[in-house]
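Residue indices begin at 1 and follow the sequence shown.
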Amino acid sequence: KLIEILQQHQTPLTEDTSTVRRWSMACVALPTCGLAITESERRLPGIIDSLEAPLAKLGLDKERFTIRMTGCPNGCARPYNADLALVGKAKNKYTLFAGGGWLGTRLAYIYKDLVTDDTVADEIIGIFAAFKAHREGDESLGDFCARVGADDLAVMAESAPKP
């Protein structure tokens with residue numbers, strides 16, 4: 001009965017939500033948090049919208065990984081141990097972290113600094129393309145990023161065919 005009510009009101013159910021959206025998290029950031037430098041909670045859904053189709057084209061839409069986003073370096077959404085994370089650095093600019101782990105047992109490293117809001121999705125899609133092209137076995141995204149490191153990941157992301 002409850003599911004019928006939710007469906008009548010066009011409320012998405014778990015199975016209607018993409019894997020990338022399901023495992024993403026953002027802090028409240030602007031305008032709620034006085035420490036925030038950039039958007040987070042209001043911006044992440046749009047970024048996820050930009051990632052869903054490329055992930056499907058790459059065949060990675062069922063992969064489980066974490067994307068976290070915060071509006072400042074305080075890290076309220078736990079970005080520093082996510083597979084990929086965006087941390088607010090300056091107005092409309094983020095530090096992109098990579099290489100954390102699904103269970104939060106490994107710290108991510110700075111992949112790129114001062115990534116502008118309008119290029120965030122392209123940067124992440126490049127990482128996904130590199131992951132698709134160079135992963136070993138059933139390696140997770142965080143494990144892949146940790147294995148190759150920031151410099152090699154940047155080269156791979158630049159040269160990998162984008163969807």
Backbone of R21 reached by a side-chain donor or acceptor of S18 within 3.5 Å: yes
D118 atom CG, neighbour heavy-atom count above 12 within 6.0 Å: yes
Heavy-atom closest contact (A29 atom, S40 atom, distance): CB-CB, 3.4 Å
K112 (side chain) donor-acceptor with I110 (main chain) under 3.5 angstrom: no
E39 side chain near Y94 side chain, heavy-atom distance below 4.5 Å: yes
Nearest non-hydrogen partners of M25 and R78, listed with the distance: CE-NH2, 3.5 Å
Sequence neighbours excluded - ring-ring contact (aromatic ring centres under 6.0 Å, His included) pairs with any residue from residues 25-80: F65-F128, Y80-F97
From K91 atom NZ to D117 atom CG, the distance as rounded to the nearest 0.5 Å: 11.0 Å
Donor-acceptor contact below 3.5 Å, side chain R22 vs main chain T14: yes
Criterion salt bridge (charged side-chain N to carboxylate O under 4.0 Å, His left out) on K93 and D113, from CA distance to verdict: CA-CA 8 Å; K93 294 182 181 175; D113 198 19; over 6 Å; no
More than 12 heavy atoms of other groups within 6.0 Å of L13 CG: yes
Same cluster (ILVMFWY, side-chain, under 4.5 Å), M156 and L51: yes
Co-membership, hydrophobic cluster, residues I37 and L96, 4.5 Å side-chain: no
T66 backbone acceptor or donor facing D83 side chain under 3.5 Å: yes
Worked verdict on K89 versus L114 for side chain to side chain contact (heavy atoms under 4.5 Å, CB included): CA-CA 7 Å; K89 177 85 178 247; L114 297 172; 3.5 Å; yes
4.5 Å side-chain heavy-atom contact, L141 and E63: no
Side chain to side chain contact (heavy atoms under 4.5 Å, CB included) involving V155 - partner list, sequence neighbours excluded: none
Exercise: identify the closest heavy-atom pair between P73 and G88: CD-O, 3.6 Å
Heavy-atom closest pair, residues G104 and N81: O-ND2, 3.4 Å
Verify same cluster id: F131, Y109 (apolar side-chain graph, 4.5 Å): yes
4.5 Å side-chain heavy-atom contact, L86 and I47: yes
Atom pair OG (S50) and CD1 (I124), whose distance is rounded to the nearest 0.5 Å: 9.5 Å
Considering all heavy atoms, the nearest A98-L84 contact: CB-CD2, 3.8 Å
Atom pair SG/CG of C27 and N74 - distance to nearest 0.5 Å: 9.0 Å
Nearest non-hydrogen partners of A85 and P79, listed with the distance: CB-O, 3.2 Å
Intermediate values then yes/no, side chain to side chain contact (heavy atoms under 4.5 Å, CB included), R68 and L44: CA-CA 8 Å; R68 309 266 172 79; L44 185 59; over 6 Å; no
Side chain to side chain, W102 and D143, heavy atoms closer than 4.5 Å: no
Residue list, salt bridge (Lys or Arg N to Asp or Glu O under 4.0 Å) with K132, at least two apart or on another chain: none
Polar side-chain atom of R106 near backbone of G99 as donor-acceptor pair, under 3.5 Å: yes
V87 reachable from M69 in the ILVMFWY side-chain graph, under 4.5 Å edges: no
